[in-house]
Amino acid sequence: MAVQKPSVPKGTRDFSPVEMVKRNFIFDTIKEVFKRFGYLPIETPSMENLTTLMGKYGEEGDKLLFKVLNSGDYLSKVKSDLTKAESTKLTSEISEKGLRYDLTVPFARFVVQHLNEITFPFKRYQIQPVWRADRPQKGRYREFYQCDVDVIGSNSLLNEVELIQIIDQIFQKLNVNAEIKLNNRKILLGIAETINAKDKFIEFTVALDKWDKIGSEGVKNELIKSGFSESQIEDIFSVINVIDQDNKHKILFLKRMLIDSETGLRGIEEVETVLNYFETLPLNIELELDLTLARGLNYYTGAIFEVKAKDVAMGSLCGGGRYDDLTGVFGLKDVSGIGISFGADRIYDVMEQLNIFPNEIVASTKVMFVNFGEKEEKYCLPLLQKLRENGINSEIFPDSAKIKKQMTYANNKNIPFVILVGESEMEKGILTLKDMINGDQSEMIFEELLQKLS
RNA sequence: GUGGUUGUAGCUCAGUUGGUUAGAGCGCCGGAUUGUGGUUCCGGAGGUCGGCGGUUCGAGACCGCUCUUCCACCCCA
């Protein structure tokens with residue numbers, strides 16, 4: 001067989017040790033905050049039954065699902081005429097499993113399936129990869145990690161408040177300058193009602209969502225294409241006119257505009273309640289009511305969120321919202337949930353671009369023993385063990401290679417301290433400690449070393 | 001999925017209208033310095049020019065297909 005060039009599939013990546021350390025820094029930070037707010041972890045399989053996945057993400061979403069071919073002689077059970085090109089029909093006959101597309105739908109399935117073991121409200125977090133057969137671009141991968149927090153079985157707006165606090169804390173800890181955009185699907189529904197376009201709600205939200213990308217003319221053209229009338233468009237644009245106002249003015253305006261829409265008014269009230277909590281709660285991150293925020297996922301019914309980096313052009317770093325009936329399709333009615341999802345890979349890309357990963361995280365070893373030979377090894381090993389017992393990450397170079405090579409190794413690995421114990425040190429019962437940052441070298445006994453490093 | 005774009009050493013990139021043995025910087029390895037890295041000096045290794053096929057006396061360069069990258073649309077973390 002010809003030698004093949006090693007490669008990974010489109011949109012997937014390997015992660016080097018340095019990259020992993022940085023990625024883990026993000027995961028650990030996120031996890032820490034999730035736990036701080038009382039969320040517990042779960043995991044679900046990479047694969048779900050296609051029946052669980054299909055139809056939850058809209059028509060486009062179905063196309064982006066990675067489907068797993070049935071095992072064995074999968075063609076033998078096919079009833080379709082194979083001479084006809086009917087991919088969609090054939091797919092359902094040769095594939096019954098698919099890779100998960102997000103963590104929210106598997107979570108909904110989990111909740112219904114384990115109903116008897118769960119106490120509500122159920123607060124869970126989940127950090128796992130998801131797969132989408134999308135065309136890759138920067139910040140867009142076919143395999144990427146989502147970090148979800150959801151609470152299901154509670155209607156309280158306190159959950160909305162809590163998720164905003166979680167977003168605030170995570171981005172503060174990561175030192176990423178970001179802003180939260182908040183909206184409410186009920187408000188959007190109210191607007192659609194008021195302008196008599198309830199039947200074109202999806203078209204309306206899709207067009208509106210593009211506002212910051214294609215501008216007013218672009219949105220107008222989209223709306224015309226979708227069949228909106230002049231007067232409807234005019235009404236929609238009166239909403240957009242308050243785009244630069246502060247949150248309070250937007251709410252005032254909406255209250256007047258949506259006076260006849262019960263749903264719309266409820267949406268406004270929800271938003272107002274949430275924002276009011278933050279009158280007295282300090283928030284680091286900017287929280288803006290963005291009336292053009294819509295989000296494509298149609299299972300959202302209340303609050304919707306999106307987080308964007310302020311210093312870097314990148315898709316959203318975090319998104320989510322309230323869904324009133326996601327468990328409905330699995331047979332559990334009237335259970336409301338709300339959740340958000342952090343895109344770890346995008347957060348990584350942003351932090352890498354801004355070069356804001358703390359330097360310390362790359363150094364995992366604190367001190368390295370230079371290896372001088374067999375006799376010295378035997379002398380050092382017990383000392384090494386004591387360091388480790390005291391929680392100090394330490395290693396000894398495995399070969400008695402040239403000192404130069406060993407020092408280079410320590411230097412490249414960002415190890416801040418090196419210990420040299422050769423014949424003369426052994427005789428005197430001391431160690432030579434070298435500080436790799438400033439090059440200083442000093443002799444000391446083991447107890448002093450322990451004190452210095454702990 | 002539609003349209004476009006990219007690929008040359010481990011990394012970042014040169015490479016003339018198709019013409020001898022494909023270059024640089026950084027990194028890597030070795031030496032100057034046999035107990036000292038990060039600075040300096042000297043030397044060295046490393047390439048199926050993304051892959052397959054074609055045109056040509058001759059292809060890194062031209063053509064076809066394919067894979068990959070990035071971009072726009074779509075959608076989204």
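The structure presented is a predicted model; accordingly, all values stated were derived computationally and were not measured. Sequence lines set the chain letters: A, B, ... in the order given, protein chains first and strands last, and positions in each chain run from 1.
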Output the single nucleotide from [options] whose closest atom is nearest the side chain of [X].
{"X": "A:Glu60", "options": "B:U69, B:G37, B:C74", "result": "B:C74"}
{"X": "A:Lys402", "options": "B:C75, B:G30, B:C28", "result": "B:G30"}
{"X": "A:Asn412", "options": "B:C28, B:A77, B:G37", "result": "B:C28"}
{"X": "A:Gln137", "options": "B:C75, B:C73, B:U68", "result": "B:C73"}
{"X": "A:Lys210", "options": "B:A77, B:G37, B:C74", "result": "B:C74"}
{"X": "A:Pro136", "options": "B:C70, B:U68, B:A77", "result": "B:C70"}
{"X": "A:Tyr101", "options": "B:G37, B:G1, B:C75", "result": "B:C75"}

**Item:** No-H, no-angle donor-acceptor pair, A:Lys404 side chain to B:U36 base, under 3.5 Å
**Value:** no
**Item:** Short side-chain donor-acceptor distance under 3.5 Å, A:Tyr300 and A:Asp324
**Value:** no
**Message:** Is a donor from one side chain sitting under 3.5 angstrom from an acceptor on the other, for A:Tyr409 and A:Lys413?
**Reply:** yes
**Complete:** Answer for the Watson-Crick or wobble partner of B:U5, both distances under 3.5 Å, is none
**Request:** With a 3.5 angstrom cut-off on both distances, give the Watson-Crick or G-U wobble partner of B:C29, or none if there isn't one.
**Result:**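 Because both required distances fall under 3.5 Å, B:C29 counts as paired with B:G43.
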**Prompt:** Ring stacking, A:Phe144 with base of B:A77, under 5.5 Å and under 30°?
**Reply:** yes
**Asked** So what does A:Glu376 hit on the nucleic acid, given a heavy-atom distance under 4.0 Å: a base, only sugar-phosphate, or nothing?
**Response** nothing
